[in-house]
**Q** 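Let me give you the structure first, and then I'll get to my questions.
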2 protein chains.
Amino acid sequence: MGLTKTEIFTLEQNQISSIAKVFGHPARVAILQHLFKIDSCICGDLVDEIGLAQPTISQHLKELKKIGLIKGNITGTSICYCIDKENWSNMKTTLTAFLDQDLEDSNTCC
Amino acid sequence: MGLTKTEIFTLEQNQISSIAKVFGHPARVAILQHLFKIDSCICGDLVDEIGLAQPTISQHLKELKKIGLIKGNITGTSICYCIDKENWSNMKTTLTAFLDQDLEDSNTCC
DNA sequence: TTATTATATTGCAATATTACGATTAAAGGA
DNA sequence: TCCTTTAATCGTAATATTGCAATATAATAA
């Protein structure tokens, strides 16, 4: 049916998968890498940088904004996008806890 | 068009998004958490544990196997699924490098 | 006011994903 | 052999995602 049954999973499982879903497209990964790379945050060059049409980039930015990883400030005609450092840090804590499960106890099966 | 333009992105960007995509469904997060939790790896109880139909779980397991995060050994009638520790570790290295971008240099914009 | 510039939104087509019933395949037990 | 158990595969319906052309919006410049 194409519809994920979120209600049968825990809040943590849904949070992890929501974050991961946003990272699940190379354009969004590229956007985030670019935002980290440039020291300034005037981001009007994303369309040229990434190589997708303007509406497509705008849509990806919307996804990133929706989950809180980036924030945008209006600066005249253009919009200044940048990483939301605090939310990025919180996101990292959630994801790292999931990724570090293997450190907790070492079962020797298989 | 529903088709990701993978060719315009770097190998790293595609690798990160491929991994993240697999984590982008709560059922697969739940499956991995369960595989880590139980000390043994006889995994026939995943259907009862997760609460999705058997073909659906089988499909999710296939995704996890395809990217190499789990491996399955045939044990009589059932199949023994478990985390591929080495691949898990490699995956973590790739993802962590992406997540830790904010540590590299602290721009004070925004 | 009328361009111009920058970004968002709308609408749509193509493809992908999710979920499950029905079926199949393979191994073990009666 | 026949039945049961376990998991994979097939087929299909419903929904989601991706991408872009066209259009809208909003701010500034001329």
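Each chain gets a letter, A, B and so on, in the order its sequence line appears, and its residues count up from 1.
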**Q** Quickly work out the Ile31(B) CD1 to dA7(D) C1' distance and round it to whole Å.
**A** 13 Å
**Q** Which whole-number value in Å describes the distance from His60(B) NE2 to dA7(D) C1'?
**A** 16 Å
**Q** What pairs with Lys21(B) under salt bridge (charged side-chain N to carboxylate O under 4.0 Å, His left out), at least two apart in sequence or on another chain?
**A**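 Applying salt bridge (charged side-chain N to carboxylate O under 4.0 Å, His left out) to Lys21(B) gives none.
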**Q** Please state how far atom NZ in Lys66(B) lies from atom C1' in dA8(D), giving the value in whole angstrom units.
**A**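 It works out to 15 Å between those atoms.
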**Q** Is the count of non-hydrogen atoms from other residues, nucleotides or ligands lying under 6.0 Å from Glu86(A) atom CD greater than 12?
**A** no
**Q** Ring centroids only, cut at 6.0 angstrom: are Phe23(A) and Phe23(B) within range, meaning strictly under it?
**A**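 That pair fails the under 6.0 Å test.
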**Q** Mark yes or no for whether Trp88(A), through its side chain, and Leu99(B), through its backbone, hold a donor-acceptor pair below 3.5 Å.
**A**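 Here the side-chain-to-backbone pair exists.
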**Q** Whether Asp84(A) and Lys65(A) form a salt bridge (side-chain N of Lys/Arg under 4.0 Å from carboxylate O of Asp/Glu) is what I want to check.
**A** no
**Q** Atom CG in Leu95(A), atom NZ in Lys92(B): separation rounded to 0.5 Å?
**A**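 These two atoms lie 12.5 Å from each other.
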**Q** Distance check, rounded to the nearest 0.5 Å: Met91(A) atom CE versus Ile67(A) atom CD1?
**A**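 The CD1 atom of Ile67(A) is 9.0 Å from CE of Met91(A), to the nearest 0.5 Å.
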**Q** Can you pull out the residues from residues 19-28 of chain B that lie within a 4.0 Å heavy-atom distance of DNA chain C?
**A** Lys21(B), His25(B), Arg28(B)
**Q** In whole angstrom, give the distance that lies between atom NZ of Lys5(A) and atom P of dA13(D).
**A**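 Going from NZ in Lys5(A) over to P in dA13(D) covers 18 Å.
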**Q** Nearest 0.5 angstrom please: Gln13(A) CD to Thr6(A) OG1, how far?
**A** 11.5 Å
**Q** Kindly give the atom pairs (protein nitrogen or oxygen, nucleotide nitrogen or oxygen) under 3.5 Å for nucleotides 8-11 of chain C.
**A**
unit_1	atom_1	unit_2	atom_2	d
dA8(C)	OP1	Tyr81(A)	OH	2.6
dA8(C)	OP2	Ser58(A)	OG	2.9
dA8(C)	N7	Gln54(A)	NE2	2.7
dA8(C)	N6	Gln54(A)	OE1	3.0

